Number of protein chains: 2
Amino acid sequence: MEETDQAIIAALTVDGRLSYTDLAEKVGLSVSAVHQRVRRLEQRGVIKGYAAQVSFEALDLPLTAFVAIRPFDPSQPDDAPERLAHLPEIDSCYSVAGEDFYLLLLRVAGPADLERVLQEIRTSANVTTRTTVVLSTPYEHRAPKVTLDPANQHRLRGVSAE
Amino acid sequence: MEETDQAIIAALTVDGRLSYTDLAEKVGLSVSAVHQRVRRLEQRGVIKGYAAQVSFEALDLPLTAFVAIRPFDPSQPDDAPERLAHLPEIDSCYSVAGEDFYLLLLRVAGPADLERVLQEIRTSANVTTRTTVVLSTPYEHRAPKVTLDPANQHRLRGVSAE
DNA sequence: CTTGAAAACACGACTCG
DNA sequence: CGAGTCGTGTTTTCAAG
């Protein structure tokens with residue numbers, strides 16, 4: 001039961017375009033049964049969606065950088081994420097514990113583009129920045145260890161998504 | 001031309017399971033024309049693949065953390081990424097400029113799990129760790145600004161993927 | 001969860017600018 | 001050479017058991 005859902009999720013994280021036919025064969029179930037389970041996983045929010053994985057190099061965004069930010073004036077309201085959301089170069093924004101307030105992940109075209117985006121970040125959110133340039137990426141976005149334990153089912157009770 | 005490919009990529013990064021019929025309608029082209037373009041984008045490596053986006057909370061991995069590592073003994077060969085690859089809790093590994101050697105992105109079940117993984121990282125790669133816990137994630141993995149400029153086409157010449 | 005059947009889709013061959 | 005049409009095999013999707 002649980003094990004089948006795990007197998008489905010594991011397969012779809014590797015290849016999100018698998019047909020239900022192939023998926024059924026992979027997990028040893030009928031096509032409709034698999035279809036039902038996938039729909040339930042989607043509705044419960046376990047599967048949030050499907051996305052094409054694009055090469056950032058091909059998109060002319062070969063430079064990745066982490067930018068730690070903290071407010072220039074900590075007494076003012078902290079709405080940095082909203083203020084920065086309009087910058088398409090920001091891939092992710094994490095609120096973090098530690099010395100910094102947020103950690104941003106940037107994808108830019110090169111050093112000049114990085115400089116421009118950093119200036120926009122500083123002026124848009126009134127923050128100071130500390131940048132860490134990524135030299136290479138040994139691996140990224142690996143498939144997680146899939147474990148749908150019963151305890152987790154409780155947490156999802158009544159939570160609807162989609 | 002270029003613009004159509006950009007529209008295709010933008011659409012597929014948002015919904016990777018779009019049918020060619022829907023995709024054709026979205027970009028204003030015939031079905032087979034879109035089909036051809038998608039296949040070319042896949043073969044050129046612009047589209048690297050498709051993946052289901054899974055909720056880490058639903059997978060019982062609600063805690064995200066960044067771990068900066070540097071070797072305990074910098075004179076020894078640096079093969080940390082390979083030594084750490086067996087840990088499924090490591091989502092990504094970035095080689096970075098700056099004080100640290102690598103930046104890891106972890107997805108774990110909770111503080112106890114984090115402690116265990118940190119110990120495994122230290123012993124597996126003989127490194128010291130500096131951990132930044134993520135408190136919340138305002139946004140993550142946003143769709144990049146898509147621009148397939150001609151200059152980029154040259155870089156892809158002769159590069160085959162898939 | 002399975003079966004089965006209808007609609008939609010994928011994907012090649014073919015034709016037209 | 002890229003775009004559109006056609007036709008067949010596959011896949012999706014729903015209803016019933």
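Predicted model only: the values in this text are computed from it and were never measured. Each chain gets a letter, A, B and so on, in the order the sequences are listed, and its residues count up from 1.
- With sequence neighbours left out, A:Ala51 forms a side chain to side chain contact (heavy atoms under 4.5 Å, CB included) with B:Gln53.
- Counting only residues at least two apart or on different chains, no ring pair (Phe, Tyr, Trp, His ring centres under 6.0 Å) pair has a member in residues 95-132 of chain A.
- For residues 25-58 of chain B, the ring pair (Phe, Tyr, Trp, His ring centres under 6.0 Å) pairs, not counting sequence neighbours, are B:Tyr20-B:His35.
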With sugar-phosphate taken as primed atoms, P, OP1 and OP2 and all else as base, the protein-contact string of nucleotides 8-14 of chain D at under 4.0 Å (heavy atoms; B, S, -) is ---SBBB

Atom pairs under 3.5 Å, N or O on each side, protein against nucleotides 15-17 of chain C: can you list them with distances?
none

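- Qualifying salt bridge (charged side-chain N to carboxylate O under 4.0 Å, His left out) partners for B:Asp73, counting only residues two or more places apart in sequence or in other chains: none.
- Taking the side chain as every heavy atom from C-beta outward, B:Leu103 and B:Val67 never approach each other to under 4.5 Å.
- In this structure, B:Gln43 atom CD and C:dC11 atom P are separated by 12 Å, rounded to whole Å.
- Taking the screw axis at each terminus of the helix from C:dC1-D:dG17 to C:dG17-D:dC1 from five consecutive base pairs, the angle between the two is 30° to within rounding of 10 degrees.
- Legend: ring pair (Phe, Tyr, Trp, His ring centres under 6.0 Å) pairs involving residues 127-147 of chain A, not counting sequence neighbours, sorted by first then second residue: A:His141-B:His141.
- Between A:Arg37 and C:dC1, a side-chain N or O to OP1/OP2 separation shorter than 4.0 Å is present.
- Sequence neighbours left out, the pairs with a member in residues 119-144 of chain B that pass salt bridge (charged side-chain N to carboxylate O under 4.0 Å, His left out) are B:Asp100-B:Arg130, B:Arg107-B:Glu140, B:Arg116-B:Glu120.
- Here side-chain hydrogen bond (donor to acceptor under 3.5 Å, both in side chains) pairs that include residues 23-34 of chain A, with residues two or more places apart or in two chains, number zero.
- Pairs engaging residues 66-98 of chain B under the ring pair (Phe, Tyr, Trp, His ring centres under 6.0 Å) rule: A:Phe66-B:Phe66, A:Phe66-B:Tyr94, A:Tyr94-B:Phe66 [sequence neighbours left out].
- Distances from the side chain of A:Ser30 to the nucleotides D:dT5, C:dT2, D:dG2 place C:dT2 closest.
- D:dA3 atom P lies 14 Å from atom CG of B:Leu23, rounded to whole Å.
- Residues satisfying the salt bridge (charged side-chain N to carboxylate O under 4.0 Å, His left out) criterion with B:Arg39, sequence neighbours excluded, are absent altogether.
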